Novice: 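I am attaching a structure below and will ask some questions about it afterwards.
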Amino acid sequence: MMRALILGGITDASLLAAEIARAGIDAVYSYGGRTRAPADQPLPTRIGGFGGVSGLADYVRREGITHVIDATHPFAAEMSRNAVEACAETGTPLVALERAPWTRGPGDNWIEVGDVNAAGAALPEAPTSVFLGIGRQHIAPFATRPQHTYTLRFVDPPEAPLPFAADVIVSRGPFTLDGELEMMRRRGIAWIVARNSGGDGARAKIDAARMLGLPVIMISRPRLPERLRVESVTEVMQWLDHRTCLGA
Ligand code: NAP
């Protein structure tokens with residue numbers, strides 16, 4: 001009997017959950033627990049870490065999970081690495097649902113860096129106005145560059161004081177090109193820091209930066225172990241279908 005585990009967190013994970021529910025497949029949707037009010041899912045939901053590789057492997061065995069779909073954010077590297085190891089340990093088929101990264105197009109002025117520390121170092125010395133389009137848990141390195149004016153955007157209001165002075169926008173999105181253009185113009189944004197998430201949901205800020213001729217410090221995705229990777233919900237459904245036919 002098939003029982004799938006969706007490691008969730010991205011919009012595509014919700015779309016996948018809807019497809020899986022529609023297909024009548026037994027499945028559990030797992031949230032990492034970082035968002036205070038996670039979206040409702042049409043599947044049974046669990047919230048919070050498993051306890052590393054061994055915790056996930058135990059969960060897979062205990063819950064009779066037959067298929068794991070890693071639909072976490074491309075920067076959720078720890079969860080993705082744990083999934084590869086736990087699935088290898090338990091012999092459970094794994095697929096990652098991951099949109100292709102964005103690529104630089106004509107008119108884009110990107111400075112590509114390997115991580116958030118390098119992003120902080122890539123900002124100019126002279127005071128400027130910076131939009132940090134990255135999660136709150138990644139902003140600490142910018143405390144060493146206090147001469148800049150920062151605009152941050154979070155899904156939930158910050159619970160703890162921020163490590164430096166900043167204007168905070170609280171919004172879950174979706175963010176449109178017009179909205180991003182308006183936000184950047186109104187706040188006089190001169191630099192953007194973004195992570196290469198890929199997909200359409202977070203793309204508007206990159207398009208807006210190009211239209212306004214603004215430089216983007218683009219943080220590349222973390223390196224992950226080899227795993228089967230697809231880019232669409234349809235492909236995950238085909239994978240599940242195929243594996244069912246194989247009796248896997
Ligand atoms: P991470 O650094 O890779 O994960 C840290 C730990 O959080 C994992 O080792 C795991 O704990 C737990 N965890 C993460 N995702 C989980 C899930 N779906 N179900 C159960 N436990 C999970 O991940 P993160 O960057 O903190 O992201 C946490 C969640 O937020 C993910 O679901 C991700 O898709 C979502 N999200 C992240 C970002 C981002 O920018 N990173 C953006 C949008 C959404 P244990 O080791 O105890 O199992």
Side-chain angles (χ1 to χ4, degrees), residues 4-17 20 27-41 43-63 65 67-90 92 94-99 101-102 113-116 119 132-142 152-156 158-159 170-175 193-203 205-206 217-225 227 229 233 236:
L5 171 64
I6 303 174
L7 302 170
I10 53 170
T11 310
D12 274 352
S14 297
L15 300 178
L16 176 66
I20 284 186
V28 180
Y29 186 107
S30 177
Y31 274 112
R34 270 211 290 114
T35 307
R36 240 171 277 160
D40 281 340
Q41 299 296 338
L43 295 173
T45 302
R46 66 166 300 289
I47 301 180
F50 297 94
V53 174
S54 60
L56 178 56
D58 287 348
Y59 179 88
V60 164
R61 290 191 193 100
R62 191 173 65 243
E63 292 291 323
I65 300 297
H67 297 74
V68 176
I69 301 128
D70 179 356
T72 58
H73 190 271
F75 281 80
E78 197 180 337
M79 186 69 256
S80 293
R81 289 192 187 106
N82 291 354
V84 170
E85 280 193 48
C87 286
E89 190 182 313
T90 56
T92 312
L94 166 73
V95 69
L97 171 57
E98 188 185 75
R99 289 277 165 97
W102 298 315
V113 297
D115 59 32
V116 73
L132 292 184
I134 60 179
R136 89 185 60 188
Q137 67 278 28
H138 307 292
I139 61 174
F142 296 91
L152 314 179
R153 188 164 60 199
F154 301 142
V155 174
D156 297 310
E159 274 174 345
V170 177
S171 176
R172 188 181 278 268
F175 304 107
V193 177
R195 296 182 307 166
N196 197 334
S197 306
D200 297 332
R203 170 87 219 186
K205 61 179 177 284
I206 308 303
I217 299 175
M218 184 66 82
I219 304 170
S220 305
R221 292 181 180 184
R223 283 190 186 283
L224 292 172
R227 62 210 172 131
R229 194 185 134 258
V233 168
V236 176

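Order of appearance sets the numbers: ligands from 1, and atoms from 1 within every ligand. For clarity, every value in this text was computed on a predicted model and none was experimentally measured.
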Novice: With sequence neighbours left out, what residues match H138 under ring-ring contact (aromatic ring centres under 6.0 Å, His included)?
Specialist: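 ring-ring contact (aromatic ring centres under 6.0 Å, His included) check on H138 returns nothing, list empty.
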Novice: I'd like to know if atom 27 (O) of ligand 1 has any protein heavy atom within a distance of less than 4.0 Å.
Specialist: yes
Novice: If you measure from each non-hydrogen atom of I47 to ligand 1, which part falls under 4.0 Å: side chain, backbone, both or neither?
Specialist: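 No part of I47 is near ligand 1 at this cut-off.
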Novice: If I apply the N/O under 3.5 Å rule, does I10 come out as touching ligand 1?
Specialist: no
Novice: For R136, is there an ion pair with E159 - N to carboxylate O distance below 4.0 angstrom?
Specialist: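 Answer for the salt bridge query: no.
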Novice: Take I206 and M218, measure what side chain to side chain contact (heavy atoms under 4.5 Å, CB included) needs, and give me the verdict at the end.
Specialist: CA-CA 9 Å; I206 308 303; M218 184 66 82; 3.7 Å; yes
Novice: Got a sec: does the CZ of R223 have more than 12 other heavy atoms crowding it under 6.0 Å?
Specialist: no
Novice: With sequence neighbours left out, what residues match R229 under salt bridge (charged side-chain N to carboxylate O under 4.0 Å, His left out)?
Specialist: E98, E231
Novice: Just to be sure I'm reading this right: ignoring hydrogens, which of G201, G9, P74, P222 gets closest to atom 35 (C) of ligand 1? Compare them by their nearest heavy atoms.
Specialist: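 Going through G201, G9, P74, P222 one by one, G9 has the nearest heavy atom to atom 35 (C) of ligand 1.
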Novice: For L56 and ligand 1, answer yes if some heavy atom of the residue is under 4.0 Å from a ligand atom, otherwise no.
Specialist: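 The answer is no, since L56 has no heavy atom less than 4.0 Å from ligand 1.
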Novice: For ligand 1, is there an atom lying under 4.0 Å from some heavy atom of G48?
Specialist: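 A heavy atom of G48 does come that close to ligand 1.
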Novice: Heavy-atom contact under 4.0 Å between G52 and ligand 1?
Specialist: yes
Novice: Between the side chains of D200 and R203, is the shortest nitrogen-to-carboxylate-oxygen separation below 4.0 Å, so that they form an ion pair?
Specialist: no
Novice: Between H138, H73, Q137, which one has a non-hydrogen atom sitting closest to atom 42 (C) of ligand 1?
Specialist: H73
Novice: R81 near ligand 1, heavy-atom distance under 4.0 Å?
Specialist: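 For ligand 1, residue contact (heavy atoms, under 4.0 Å) with R81 is absent.
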Novice: Any heavy atom of A77 closer to ligand 1 than 4.0 angstrom?
Specialist: yes
